[in-house]
Protein chains: 4
Amino acid sequence: MSSSMGNTVRLTVFGQSHSPSIGCVVEGLPSGFEVDLDRMRDFMARRAPGRGPWATQRKEADDVRIVSGLNPGGRTCGAPLACIIENTNTRSQDYDELARKPRPGHADWVAQEKWHGEQDVAGGGHFSGRLTAPVCAAGAICLQMLEERGVFVSAHLTSVEGVVDERFDALATDEAARRHLAEQMRTLSEKGRFPVIDEGAGKGMRAAIESARKDADSVGGMIECVACGMPAGVGDPMFDGIENLLARAAFGIPAVKGMEFGRGFDCAAMRGSKHNDPYRMRDGRVVPESNNAGGILGGITTGQPILFQVAVKPTSSIGSEQETVDLTKGTDAKLIVHGRHDPCIAPRAVPVVEAICGIVLLDALITYPPMP
Amino acid sequence: MSSSMGNTVRLTVFGQSHSPSIGCVVEGLPSGFEVDLDRMRDFMARRAPGRGPWATQRKEADDVRIVSGLNPGGRTCGAPLACIIENTNTRSQDYDELARKPRPGHADWVAQEKWHGEQDVAGGGHFSGRLTAPVCAAGAICLQMLEERGVFVSAHLTSVEGVVDERFDALATDEAARRHLAEQMRTLSEKGRFPVIDEGAGKGMRAAIESARKDADSVGGMIECVACGMPAGVGDPMFDGIENLLARAAFGIPAVKGMEFGRGFDCAAMRGSKHNDPYRMRDGRVVPESNNAGGILGGITTGQPILFQVAVKPTSSIGSEQETVDLTKGTDAKLIVHGRHDPCIAPRAVPVVEAICGIVLLDALITYPPMP
Amino acid sequence: MSSSMGNTVRLTVFGQSHSPSIGCVVEGLPSGFEVDLDRMRDFMARRAPGRGPWATQRKEADDVRIVSGLNPGGRTCGAPLACIIENTNTRSQDYDELARKPRPGHADWVAQEKWHGEQDVAGGGHFSGRLTAPVCAAGAICLQMLEERGVFVSAHLTSVEGVVDERFDALATDEAARRHLAEQMRTLSEKGRFPVIDEGAGKGMRAAIESARKDADSVGGMIECVACGMPAGVGDPMFDGIENLLARAAFGIPAVKGMEFGRGFDCAAMRGSKHNDPYRMRDGRVVPESNNAGGILGGITTGQPILFQVAVKPTSSIGSEQETVDLTKGTDAKLIVHGRHDPCIAPRAVPVVEAICGIVLLDALITYPPMP
Amino acid sequence: MSSSMGNTVRLTVFGQSHSPSIGCVVEGLPSGFEVDLDRMRDFMARRAPGRGPWATQRKEADDVRIVSGLNPGGRTCGAPLACIIENTNTRSQDYDELARKPRPGHADWVAQEKWHGEQDVAGGGHFSGRLTAPVCAAGAICLQMLEERGVFVSAHLTSVEGVVDERFDALATDEAARRHLAEQMRTLSEKGRFPVIDEGAGKGMRAAIESARKDADSVGGMIECVACGMPAGVGDPMFDGIENLLARAAFGIPAVKGMEFGRGFDCAAMRGSKHNDPYRMRDGRVVPESNNAGGILGGITTGQPILFQVAVKPTSSIGSEQETVDLTKGTDAKLIVHGRHDPCIAPRAVPVVEAICGIVLLDALITYPPMP
């Protein structure tokens, strides 16, 4: 499996749900940066299981150890940085039936078609959502490095089964919108917060998730992400533009099935006179008067907030009976997926989207800056 | 600019709107394949300008020459295949004003921020939609090679300013759906056809486009693409899965701002019990009973039709007056974009989407096949 | 640092001499292969320190754990395979002086120029020869996989300070040479053997090394490597030919300063009529009658033994007084390198050369096979 | 065939000896650089055939056109730069016999094993030395860009069949050596000069070449290359160090079979106390007192001249009768290679080595500079 991406800042992810360890290697990080390990842990905790009624009950410390890449002073030293998380709480007995009966919506069966039985079925193997933990570890570091460069990333749920959150105020570029967006991001940064701006929406989403759980079912959701502070002129079209890079990376998050930038799909029904962002001089600088482009034109940053949304499908593993096949017997079969599963993966995917965004933007900033 | 992509089958695109030539190099093509040059020209003609009321009036032969990569028998020989198209009909005088006044919605200004005046402004330079011509040349060859392997690709407009075409019958997997989809694809393959299944919808779309033209404005559109015949087990997650590769490539098409697979964004509002595709035994083979996954689970093909949709924004270049800035004077300014521009780029983008799909799938089939 | 290489089979190395762990990730390994862990350990033991008078006295178990990439049955499962070696016996106090006084011949000073003090000085950091341990772990697995495919790799010392070993009988291709080569390879595979064919030469080499040790000095050496059984038609020129790939990889081994294939440098003084390998029909197959090409023509395998030689410079760390500078004071200074260092690194580099050869050839065989 | 290399500055080469055109694409060149086309032509003329008694009589203008990548002012514009050379003087009738009878020492037979007859046999196809013309075109531009950055590259023949030229004075680092080296490089830059420092040696080499020609035979040679002015701290070990990158690229030059850096193979017989380059403070800067390392330690530049040597095998195509096989009949056969061939390719390979060096170093300087 090709679990690496990036040009200068290059991420490689390893591990399976139930292998001894999971982890990642990040090459090309700028040297001399002191990783704030507490903030890294806080960031990873947002993804960790077992935090609320919407999350799986598998409790793991997700204790991440940085085993290389730092100098004795604790700063990045130029060498590849490796993170390791031990897998301590594995219950592979849950998964024996699944080797025979592929779970609908999961990668079990395609893995069988690809590896003919050699794939690691337990817990979904390398396909497991658990593999987003090392992605978050790498992301946490990249996001900290971006902050030092004045780039701030934030994501939240925009909808779960019809319940919608307030959107980021990132399509307008005036001072009021800017302040409002900053406030929204501040709100989302509150520790322990369910990842929505509007608490009422959060309540509704949790209710929808809880209702799905009671029905032994699951629901999907939408996640919106914004990155403020990227300078203009970053990215390298035709195929290493910011959209190309973000999209390639984001579709690496399990369950993501759609992605849009700025106005996104709505653009298809708009006229150019409305969609084009007019330029204005403001305090001697050129500024697009709106941000329908989502901060990216021709693959290159405009200096406005980078804005995108991803669609997350409902969790494939559900407790109600499903139709599948028995690969051993070659017959149709019924399946009830036991074990610990989130009825909605989207809340825990929010920091993963931030992580992916952070890794890609740091790489782009270093690899494809404006010409000097 | 990073205008190359691919692993084994590797595409590199070169040229600017008004440079002497444009073209591409394709490394890693299987040897021994006889390119059908007539079909290649037909394919490229679908993208070529000047064909109807919805297209720009810039008429160019788009005569493509294959200058390397074939043996004396006209078959691919293993060496990199290069295609060249001469730029004969350039009118760069149209573009003088644009060096000072960036066109809203276009890459003019970000290019200025990146290259500080050294970028080739004429005709949009390397950002020009004209660069999709060599992409189509490469795509035409890859699509022919895919057909030899039993893989068929087809795309069409699904909407233009609210006028919608019939969708591909690719979310169901029964025999009736399969036959219906084949019929839809056959319909779309008719030479000279406006790229819709339902001719009524086509009429409506052309009317919408014509209306935008009269308003000196433009409209966007949606394009749906399907690929039938891909075997199960192709693709290499986490970051070289089929969705990752298609997304990275598709966002290289100018004006694409969104992308979704299978049920796409709708999945966010669905429950798992509805979104999961149940498996059934059919004639001794495992078949997903529906195709909400769009032919891809965990980044790997399921053997069902690969289905995706992209959103194309309205053409940035419009004839009505827009607000911009004068970079030389440092003042706000007005701009009317003269020259030849499509009021809707989506119809001509349809074969480009097919081309990108063909290049990516051929590469994936060769680079990441099922384990032997 | 860019510590990854490979196309399908992709190696990423991490760790510093004194970081908590070192290790590697290998993506793209064929699935279903049962790694023989005992043979892997035996292979790694050949590189491990502390084995004889010619090796450093730092004794570490080099216990390698495979923490991902295997299924419960212990076979490769398609997911990235990760190996971890804990660093247990670190004595960083040895290295305090070196932060100020760069060791001649070592990377200390260039690292300072590159990272301005942030590099990990202890034990040479990521530059340490210790990082060849994870390379050997990856190599051991690839070599086993190659054997299953009929490809066998062997290396030995060809010279140390003027003492020369018998060369591989790989420039002739007749039956006698073939048998002789097989015998040479068998001899070298004896467990615990000093890596030479001719034991007398080994004795002389060890004496030269011991003499250098007594002088608080060091010596270099030459290593020859052969790979038998590679089919003809593998490799992808112009820049992914076998020579390109092997050379890029081999110069990643610390201390390697030269490389030659087949007749190598001698070819420069030969005439074409002598250097060209004539073809003959043997039992209905085309066979080159000699192997001056070293098994590679135009970057592609000929089916004959792949033969190359690398030059290893004398260990940079020596116990006698050397002239250097004091970076803190900005003055000339004297330096005596204390700590544990091999007076000749070449014997321990022999399995590393085999490992690199194995990783590259397995990757080439999978990525660039003959066209079907 | 994989005919691309590089990270930021990425070269892709296309064409066959007798295809309509040959050429290259260079992505990632810095923008705003005015290519000196006259100097580019002069550079390419050094490689061009037909210049003297030592060169093939195939006379082609090698007229290179830059068809993209420049702005209207003639400066690089950020878009991929493409060069095209038309093939005008092809005589494919010379090559008919060769499809059946592979030339010893050439890639004919391995190409047959790889592509089973689909390869382009005429003139060696993509393996032809003619493909070094576009490499030189790309190199000429990169070398000019390097000069602007204070980096100067020069190469010469160090030996042909036992006749040796004076070596570059690049192993010492004192002022006298520095001046002497500059003078040697100046001498070599004289237009029309046979590429040696010592004219007497040049006479001897030409005599050796002429003698080989009379014998319908060929000879090999050694080429030494130096690059002065590279700052310290460039390169990215473990696998993108300067040696790794230069070696991967240099083995892409047809006929190169060996490569060494600095003292090279001699290091194997040296002691560390002699091979290590001691550091001294000179005018407040750290300077290695000698340059046995060839300007590279641990894959990173030391700021001293980068020095390497490559071995070029004798031209495979010779006029005297050779033993080969007839692939059609499956019998042994005799072959006399007709057509136009250099009895020694090394003189014309000298600028190719400079070109490769220039492309790699420019890429390294941009991709892997010292940390800021």
Side-chain angles (χ1 to χ4, degrees), chain A residues 1-4 8 10-34 65-73 75-84 86-87 92 95-96 99 111 114-122 125-128 131, chain C residues 1-4 8 10-33 65-73 75-87 92 95-96 99 111 114-122 125-128 131:
Chain A
M1 289 166 105
S2 295
S3 296
S4 53
T8 311
R10 186 171 178 84
L11 170 71
T12 303
V13 179
F14 63 87
Q16 298 117 253
S17 185
H18 292 194
S19 62
S21 315
I22 60 177
C24 66
V25 184
V26 192
E27 297 165 87
L29 288 174
S31 60
F33 184 82
E34 185 169 350
R65 282 190 311 141
I66 302 181
V67 300
S68 76
L70 302 184
N71 59 28
R75 293 182 305 278
T76 51
C77 70
L81 185 147
C83 294
I84 293 179
E86 303 295 330
N87 270 337
S92 21
Y95 296 94
D96 292 344
K114 190 169 182 71
W115 292 291
H116 319 303
E118 301 296 354
Q119 71 277 12
D120 184 3
V121 179
H126 191 62
F127 294 93
S128 167
L131 269 294
Chain C
M1 289 166 106
S2 294
S3 296
S4 53
T8 311
R10 184 168 180 86
L11 169 71
T12 303
V13 179
F14 62 87
Q16 298 117 251
S17 184
H18 291 194
S19 62
S21 315
I22 61 177
C24 66
V25 184
V26 192
E27 297 165 86
L29 288 174
S31 61
F33 184 82
R65 282 190 311 140
I66 302 181
V67 298
S68 77
L70 301 184
N71 59 28
R75 295 183 302 279
T76 51
C77 70
L81 186 148
C83 294
I84 293 179
I85 301 168
E86 303 294 330
N87 270 335
S92 21
Y95 295 95
D96 292 344
K114 190 170 183 68
W115 292 290
H116 320 303
E118 300 296 353
Q119 71 278 12
D120 185 3
V121 179
H126 192 61
F127 294 92
S128 167
L131 268 294

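Computed from heavy atoms alone, side chains included, the values below leave out hydrogens, waters and symmetry copies. Numbers restart at 1 for each chain; the letters A, B, ... are given by sequence-line order, proteins then strands.
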message: Is the shortest side-chain heavy-atom distance between A/Pro80 and C/Thr12 below 4.5 Å?
response: no
query: If you measure from CG on C/Asn71 to NE2 on A/His18, what distance do you get to the nearest 0.5 Å?
result: 14.5 Å
Most chain A-contacting option - heavy-atom pairs closer than 4.5 Å, from C/His116, C/His126, C/Gln16, C/Arg65: C/Gln16
- prompt: Does any heavy atom of chain A fall under 4.5 Å from the side chain of C/Leu70, the backbone, both, or neither of them?
  reply: backbone
- prompt: If you count heavy-atom pairs under 4.5 Å with chain A, which of C/Gly125, C/Pro72, C/Gly69, C/Cys77 comes out on top?
  reply: C/Cys77
query: Atom OG of C/Ser2 and atom CZ of A/Arg10: how far apart are they, to the nearest 0.5 Å?
result: 9.0 Å
Residues forming a side-chain contact (heavy atoms from CB on, under 4.5 Å) with A/Ala82, sequence neighbours excluded: A/Val25, A/Val67, A/Ser68, C/Phe14
field: A/Ile66, part contacting chain C, at a heavy-atom distance under 4.5 Å
entry: backbone
query: Which heavy-atom pair separates C/Ala79 from A/Met1 by the least distance, and what is that distance?
result: CA-SD, 3.7 Å
For residues 26-33 of chain A, tabulate all N or O donor-acceptor pairs below 3.5 Å that involve a side-chain atom, not counting sequence neighbours.
{"from": "A/Glu27", "atom 1": "OE1", "to": "C/Ser3", "atom 2": "N", "distance (Å)": "2.6"}
{"from": "A/Glu27", "atom 1": "OE1", "to": "C/Ser4", "atom 2": "N", "distance (Å)": "3.2"}
{"from": "A/Glu27", "atom 1": "OE1", "to": "C/Ser4", "atom 2": "OG", "distance (Å)": "3.2"}
{"from": "A/Glu27", "atom 1": "OE2", "to": "C/Ser4", "atom 2": "OG", "distance (Å)": "3.1"}

task: Could you grab the distance from atom OG1 of C/Thr76 to atom CD of A/Gln119, nearest 0.5 Å is fine?
output: 11.5 Å
